[in-house]
Amino acid sequence: KKKIGILTSGGDAPGMNAAIRSIVRTGIMEGLELFGIYDGYLGLCKNRIVKLNSDSVSNMINRGGTFLGSARFPEFNLVKNRLIAINNIKEKGIDYLVIIGGDGSYIGAKKLTESGIPCLTIPGTIDNDVVGTDYAIGYLTALETVVEAIDRLRDTSSSHQRISIVEVMGRSCGDLTLAASIAGGCEFIALPEIKYVKEDLLKHIKNRLSKGKKHAIIAITEHICNVENLARYIEKNTKRETRATILGHIQRGGKPIAYDRILASRMGSYAIDLITKGNVGKCIGIKNGKMVNYDISYALKNMKRPFKSDWFNLAKKLV
Ligand code: ADP
């Protein structure tokens with residue numbers, strides 16, 4: 001019986017549980033033995049590995065987060081730690097690993113694959129910054145959460161004729177901010193893919209206010225600037241009350257929307273398909289509605305997430 005280990009790594013994302021459930025259930029149907037590794041690569045080094053059966057994943061389809069836990073464990077880039085992990089994997093007789101996470105987790109998977117532990121990766125991150133896929137698990141759930149937050153800010157901003165700045169997650173990827181801005185009807189968008197000029201933002205907001213706009217919502221991806229300072233700058237120069245809201249980890253939590261549950265179920269089952277065909281060392285994605293896979297090393301080296309410039313142009317037209 002082939003043995004498969006599953007771990008979730010990096011930032012948790014709604015739908016990770018649905019992916020684990022799918023891997024376990026479809027894997028058991030294929031006669032495989034499944035193991036859960038707790039707390040990502042850290043748990044791999046600490047030997048936190050337990051056998052999973054069909055019941056282990058009962059009542060998981062709608063649960064946010066990841067029941068296996070996740071961890072930031074930068075020390076996994078040290079060879080000595082990876083050797084400990086590899087030793088634990090071999091001792092358990094695990095043949096393949098399925099790793100659910102973002103691009104950082106993919107690098108760990110690539111290194112393990114190169115050291116003789118074949119891995120498959122499934123994209124799970126609300127940032128949607130993973131190569132080789134249109135959507136990562138959790139992204140569309142987080143999008144709903146962000147849009148709901150913007151709707152709420154809109155109610156109170158328009159009642160008080162206030163300017164609201166909302167900071168959205170995404171690291172170096174503006175997908176979440178851009179999509180939420182279109183759906184939330186934001187007046188200004190700052191994305192990591194586009195050069196940010198504070199003075200341009202101010203000019204734009206002043207222009208909108210002079211045309212009679214009662215309020216403004218500015219959506220901005222994290223790490224672009226300090227949004228509290230930006231709020232003070234805008235308030236000083238427009239004489240309008242301006243508040244910054246950092247949505248933070250609220251964006252990560254909550255139960256996955258139906259699409260993410262289905263995506264996760266499809267990707268989990270596809271991972272087992274690939275394993276039974278011996279097609280490993282791959283990252284899994286969805287392209288135009290179909291399951292696809294790419295060589296992990298190839299993808300990390302050669303593929304970039306395309307910037308949705310057509311979406312950005314649309315967003316600018318709609319303000
Ligand atoms: P995400 O997977 O969401 O992008 P991180 O970037 O934090 O999140 O990566 C998750 C984990 O992947 C890290 O905590 C670390 O254990 C592992 N990892 C990241 N980069 C490397 C690397 N260069 N070598 C080995 N492991 C890595």
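Just follow the structure's listing: the first ligand is 1, and inside any ligand the first atom is 1. Since the structure is predicted, the reported quantities are computational estimates derived from the model, not experimental observations.
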Using a 4.0 Å cut-off to any heavy atom of [X], which atoms of ligand 1 qualify?
| X | result |
| --- | --- |
| Asn77 | 22 (C), 24 (N), 25 (C) |
| Gly102 | 1 (P), 2 (O), 3 (O), 4 (O) |
| Ser105 | 1 (P), 2 (O), 9 (O), 10 (C), 12 (O) |

In the protein, which heavy atom is nearest to [atom], and how far is it?
| atom | value |
| --- | --- |
| atom 24 (N) of ligand 1 | Lys111 NZ, 3.0 Å |
| atom 19 (C) of ligand 1 | Gly104 O, 3.2 Å |
| atom 3 (O) of ligand 1 | Gly11 N, 3.3 Å |
| atom 11 (C) of ligand 1 | Ser9 OG, 3.4 Å |
| atom 15 (C) of ligand 1 | Phe73 O, 3.2 Å |

- If the plane angle is over 60° it's perpendicular, under 30° parallel, otherwise tilted; pick one for Tyr135 and Tyr139.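 Ring orientation of Tyr135 relative to Tyr139: parallel.
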- Going by heavy atoms in the side chains, are His249 and Met169 under 4.5 Å from each other? yes
- For ligand 1, the portion of Glu75 having any non-hydrogen atom under 4.0 Å away: neither
- Item | Region of Ile107 that comes within reach of ligand 1 [heavy atoms, distance under 4.0 Å] | side chain
- Search all heavy atoms of Thr221 against all heavy atoms of Thr177 and return the closest pair with its distance.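 For Thr221 versus Thr177, the nearest heavy atoms are OG1-OG1, 2.7 Å.
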- side chain to side chain donor-acceptor pair (under 3.5 Å) evaluation trace for Arg25 with Ser54: CA-CA 6 Å; Arg25 298 226 164 136; Ser54 209; 3.1 Å; yes
- Note on the structure: Result for salt bridge (Lys or Arg N to Asp or Glu O under 4.0 Å) between Glu187 and one of Lys211, Lys316, Lys214, Lys213 points to Lys213
Output yes when the distance from some N or O of ligand 1 to some N or O of [X] is under 3.5 Å, and no in every other case.
| X | result |
| --- | --- |
| Gly101 | no |
| Arg72 | yes |
| Gly10 | no |
| Tyr41 | no |

- Message: Between Asn17 and Arg63 (side chain of the first, backbone of the second, donor and acceptor by atom type, cut-off under 3.5 Å), is there such a pair?
- Response: yes
- Message: Here's a test for you: under side-chain contact (heavy atoms from CB on, under 4.5 Å), which of Val280, Ile296, Ile275 qualifies with Pro118?
- Response: Val280
- Query: Is ligand 1 less than 4.0 angstrom away from at least one heavy atom of Arg171?
  - Reply: yes
- Query: Could a heavy atom of Asp103 be found less than 4.0 Å from some atom of ligand 1?
  - Reply: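 The answer is yes, since Asp103 has a heavy atom less than 4.0 Å from ligand 1.
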- Do Asn81 and Tyr41 get their side chains close enough for a donor-acceptor pair, meaning under 3.5 Å?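 No donor-acceptor contact under 3.5 Å links the two side chains.
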- Does Asp175 come within less than 4.0 Å of Lys308, counting only side-chain N to carboxylate O? yes
- Message: Tell me whether the NZ or CZ atom of Lys92 lies within the 45° cone about the ring axis of Phe35 and under 6.0 Å from its centre.
- Response: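 Not flagged: Lys92 not positioned over aromatic ring of Phe35.
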